[in-house]
Protein chains: 2
Amino acid sequence: MNNQTQIVDALRKRGNKVTPQRLITIEVLLTMGQQHFSVEELFHGVKQRNPEVGMSTIYRTVQILEEMRLITKRNFDDGFARYELCEMDEKHWHHHLICLKCGRVIEMQDEYLEALEKEIEKKGFIIINHELKVYGYCSDCYANMEGEKFD
Amino acid sequence: MNNQTQIVDALRKRGNKVTPQRLITIEVLLTMGQQHFSVEELFHGVKQRNPEVGMSTIYRTVQILEEMRLITKRNFDDGFARYELCEMDEKHWHHHLICLKCGRVIEMQDEYLEALEKEIEKKGFIIINHELKVYGYCSDCYANMEGEKFD
DNA sequence: CTCGTTGCAAACAGTTTGCAATCCG
DNA sequence: CGGATTGCAAACTGTTTGCAACGAG
């Protein structure tokens with residue numbers, strides 16, 4: 001699932017052209033795996049393989065990939081938009097535990113949201129996606145917080 | 001709870017000065033109620049009472065209010081940071097249902113997350129806050145989507 | 001009086017866009 | 001070939017900052 005050939009085919013099907021810049025971008029993208037990458041980081045990776053590529057090309061490609069639902073935008077309040085590869089299995093979303101101290105983002109699978117989803121859909125809202133961010137302190141940071149706990 | 005006098009006292013306690021600009025800002029803020037206001041909107045409200053006030057003052061005041069945990073930053077991907085008054089009752093958070101079509105943000109109380117929270121804390125993560133956004137289509141928009149459902 | 005605060009304008013950073021040259025199909 | 005795409009630079013937009021004047025305590 002989600003290999004380069006498939007993405008290339010999908011691009012063509014959409015009427016988009018497959019340029020070397022896009023090919024490299026897709027390659028680097030797949031390297032990123034589950035990480036939450038910024039456009040800048042993606043750009044950096046692409047530049048290593050071809051320094052000629054311009055920033056705006058990456059921005060435009062990312063936009064296309066987002067429309068294709070291959071990546072999703074995430075926001076971790078660090079100043080720039082971050083993206084991650086979409087999960088193929090639509091019903092297995094994951095959540096993000098964000099440490100307020102060190103900034104680490106821990107991913108977490110979960111099934112506990114299903115009851116809540118049923119409740120929401122009962123009210124006539126059609127769920128397409130959801131995003132749960134839990135802010136707090138990871139165990140490492142909490143252990144090192146002597147006296148200064150909770151401010 | 002959360003009236004102007006209390007906020008003013010808290011400001012002084014922090015060592016901040018209580019200027020007329022800040023007083024107006026707090027007044028307008030309390031008028032906003034539960035809405036998700038942007039700095040621009042707050043600025044607009046303040047300007048009505050005193051057109052002399054500068055934008056940067058509002059930005060700086062908002063920063064202070066955020067540090068005081070009187071307001072929280074929210075992100076609804078509409079281009080600017082939004083804020084809402086903090087809930088006093090820490091254990092009654094609400095979620096946001098965001099309509100992808102009309103952009104409406106519906107608030108929703110919920111208790112279904114408690115099981116999930118227990119699960120998270122069992123792993124040693126200390127929860128301070130959380131934020132659940134559910135993207136989809138509100139019943140109105142879904143009703144008007146003939147043929148074009150899901151893209 | 002003193003230091004925090006203000007308003008302004010300029011700086012910033014991430015992102016978008018206009019355009020001529022280029023390239024995919 | 002023709003229209004999509006590229007790289008560049010310039011434009012944009014929300015937000016931050018430097019600074020002299022001001023004002024709360």
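Residue numbering restarts at 1 for every chain, and letters A, B, ... go by the order of the sequence lines.
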Where do N or O atoms of nucleotides 8-10 of chain C meet protein N or O atoms at under 3.5 Å, pair by pair?
unit_1 : atom_1 : unit_2 : atom_2 : d
dC8(C) : N4     : S56(B) : OG     : 3.2

Pairs under 3.5 Å (N/O, protein and nucleotides 21-25 of chain D):
unit_1  : atom_1 : unit_2 : atom_2 : d
dG23(D) : N2     : K17(B) : NZ     : 3.2
dA24(D) : N3     : K17(B) : NZ     : 3.2
dG25(D) : OP1    : R12(B) : NE     : 3.2
dG25(D) : OP1    : V18(B) : N      : 3.4

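Applying the salt bridge (Lys or Arg N to Asp or Glu O under 4.0 Å) rule to D78(A) yields the partners R82(A); only residues at least two apart in sequence or on another chain are considered. Judged as a side chain to side chain contact (heavy atoms under 4.5 Å, CB included), and not counting sequence neighbours, the contacts of I106(A) are L97(A), R104(A), C138(A), F125(B). The side-chain hydrogen bond (donor to acceptor under 3.5 Å, both in side chains) search around Q63(A) returns none, not counting sequence neighbours. Judged as a side chain to side chain contact (heavy atoms under 4.5 Å, CB included), and not counting sequence neighbours, the contacts of Q21(B) are T19(B), V53(B), T57(B). Residues satisfying the salt bridge (Lys or Arg N to Asp or Glu O under 4.0 Å) test with E119(B), not counting sequence neighbours, are K122(B). With sequence neighbours excluded, the residues satisfying side chain to side chain contact (heavy atoms under 4.5 Å, CB included) with E40(A) are S38(A), M55(A). Contacts of E66(B) classified as side-chain hydrogen bond (donor to acceptor under 3.5 Å, both in side chains), with partners at least two apart in sequence or in another chain: none.
Between H96(B) and H36(B), the ring centre distance stays below 6.0 Å.
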Just distance, no hydrogens or angles: give the donor-acceptor pairs under 3.5 Å from side chains in residues 7-15 of chain B, sequence neighbours left out.
unit_1 : atom_1 : unit_2 : atom_2 : d
R14(B) : NE     : N16(B) : OD1    : 2.8
R14(B) : NH1    : E67(B) : OE1    : 3.4
R14(B) : NH2    : N16(B) : OD1    : 3.2
R14(B) : NH2    : E67(B) : OE1    : 3.1

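For residues 49-64 of chain A, the salt bridge (charged side-chain N to carboxylate O under 4.0 Å, His left out) pairs, not counting sequence neighbours, are E27(A)-R49(A).
A sub-4.0 Å separation between OP1 or OP2 of dC23(C) and a side-chain N or O of Q21(A) is absent. OP1 or OP2 of dT15(C) lies within a sub-4.0 Å distance of a side-chain N or O belonging to Y59(A). Between Q63(B) and dT15(D), a side-chain N or O to OP1/OP2 separation shorter than 4.0 Å is absent.
Mapping G79(B) and T57(A) onto DNA chain D via the closest heavy atom, the residue that lands nearer the 5' end is T57(A).
Within the helix from dC1(C)-dG25(D) to dG25(C)-dC1(D), the inter-axis angle between the opening and closing five-pair segments is 40°, rounded to 10°.
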